[in-house]
Amino acid sequence: MAYRYLTDRLIEKINLYISRYPVREQAIIPSLHEILYEYRDIPQEAVEELADYLNIPISHIEGIISFYDMFRHKKHGAKNHVRICRNLPCHLGKYKNLLELFIKLTGAEVGGVSPDKLWYIELVECIGSCSIAPAFLINDDLYDGSKIKSETDLKEILEKYI
Ligand code: FES
């Protein structure tokens, strides 16, 4: 099958997730995050291609999409997409403090766009970077949240995306 939606970048990422997990199914969620980042939603064709690539039934992937709110089908339209991991290692790493700082500095709520349309904040499941918990992504850039010690630290990062 020739892939239209699974770009080279996506295939590279998906291969990375396949290699990280013992069971192929475990690559589905991080792969869907990548698709979401790429297209700002989950195109049906991308789901079909992912199912083919992972050799997993489409219905299985659809089940995951319908279970998690974060895999919405509407585009948010903000310039920057912040994804903060909320799974256990990141929870222990106090992702909530980080989230509060994001909300304060951007004016966006979780699942919402900031008034200036620069920021969309989303809480996500593990992004495969537990060693730097609490981990977060701004667009495609991965950050170690433990290095954010103050409002100023985060402000400096956010300014790069304005
Ligand atoms: S649990 Fe947060 S990156 Fe894995």
Side-chain angles (χ1 to χ4, degrees), residues 6-42 46-47 50-51 53-54 56 60-73 76 78-114 118-161:
L6 295 191
T7 59
D8 290 347
R9 186 195 81 81
L10 281 172
I11 300 260
E12 198 180 308
K13 291 277 186 183
I14 293 165
N15 286 340
L16 179 73
Y17 296 128
I18 292 171
S19 71
R20 259 187 208 164
Y21 300 112
V23 181
R24 234 172 152 75
E25 272 85 353
Q26 290 175 300
I28 296 174
I29 290 179
S31 300
L32 287 172
H33 279 300
E34 294 298 339
I35 290 170
L36 188 59
Y37 171 70
E38 187 85 17
Y39 299 105
R40 300 288 186 262
D41 69 356
I42 309 276
V47 174
L50 181 64
Y53 193 73
L54 293 176
I56 284 169
H60 189 72
I61 298 180
E62 289 289 0
I64 289 173
I65 291 171
S66 60
F67 184 78
Y68 291 103
D69 287 349
M70 61 197 168
F71 297 130
R72 71 200 166 282
H73 291 276
H76 57 67
K79 182 180 176 195
N80 299 299
H81 189 158
V82 176
R83 289 178 286 174
I84 302 172
C85 174
R86 64 174 167 196
N87 280 169
L88 190 59
C90 292
H91 183 74
L92 296 174
K94 301 196 169 42
Y95 84 85
K96 283 187 180 166
N97 296 350
L98 187 64
L99 174 63
E100 275 173 25
L101 263 189
F102 264 104
I103 290 173
K104 183 175 176 195
L105 294 179
T106 64
E109 293 293 334
V110 175
V113 176
S114 60
L118 285 175
W119 305 100
Y120 177 84
I121 299 177
E122 181 180 25
L123 287 177
V124 297
E125 307 306 314
C126 182
I127 50 177
S129 306
C130 316
S131 60
I132 56 166
F136 67 97
L137 287 155
I138 299 183
N139 303 329
D140 212 13
D141 304 327
L142 178 65
Y143 288 95
D144 177 348
S146 70
K147 296 204 170 131
I148 312 288
K149 304 281 185 211
S150 68
E151 213 171 292
T152 314
D153 293 340
L154 185 58
K155 243 186 212 163
E156 276 172 17
I157 292 175
L158 296 184
E159 276 162 9
K160 293 190 222 162
Y161 297 89

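Order of appearance sets the numbers: ligands from 1, and atoms from 1 within every ligand. Every heavy atom of this structure was used, including side-chain atoms; hydrogens, water molecules and symmetry mates were not. The structure displayed is predicted, hence computed values, not measured ones.
Of the N and O atoms on the side chains of Y95 and N87, not one donor lies less than 3.5 Å from an acceptor on the other residue. Between the side chains of E34 and Y17, at least one donor N or O sits under 3.5 Å from an acceptor N or O. H60 and E25 share no side-chain donor-acceptor pair at under 3.5 Å.
Without hydrogens or angle criteria, R83 side chain to L137 main chain gives no donor-acceptor distance under 3.5 Å. Checked by atom type and distance alone, the side chain of S114 pairs as donor or acceptor with a backbone atom of W119 at under 3.5 Å.
Tally of protein N, O or S atoms closer to atom 2 (Fe) of ligand 1 than 2.8 Å: 2.
Within a 6.0 Å sphere centred on NZ of K160, heavy atoms belonging to other residues, nucleotides or ligands number more than 12.
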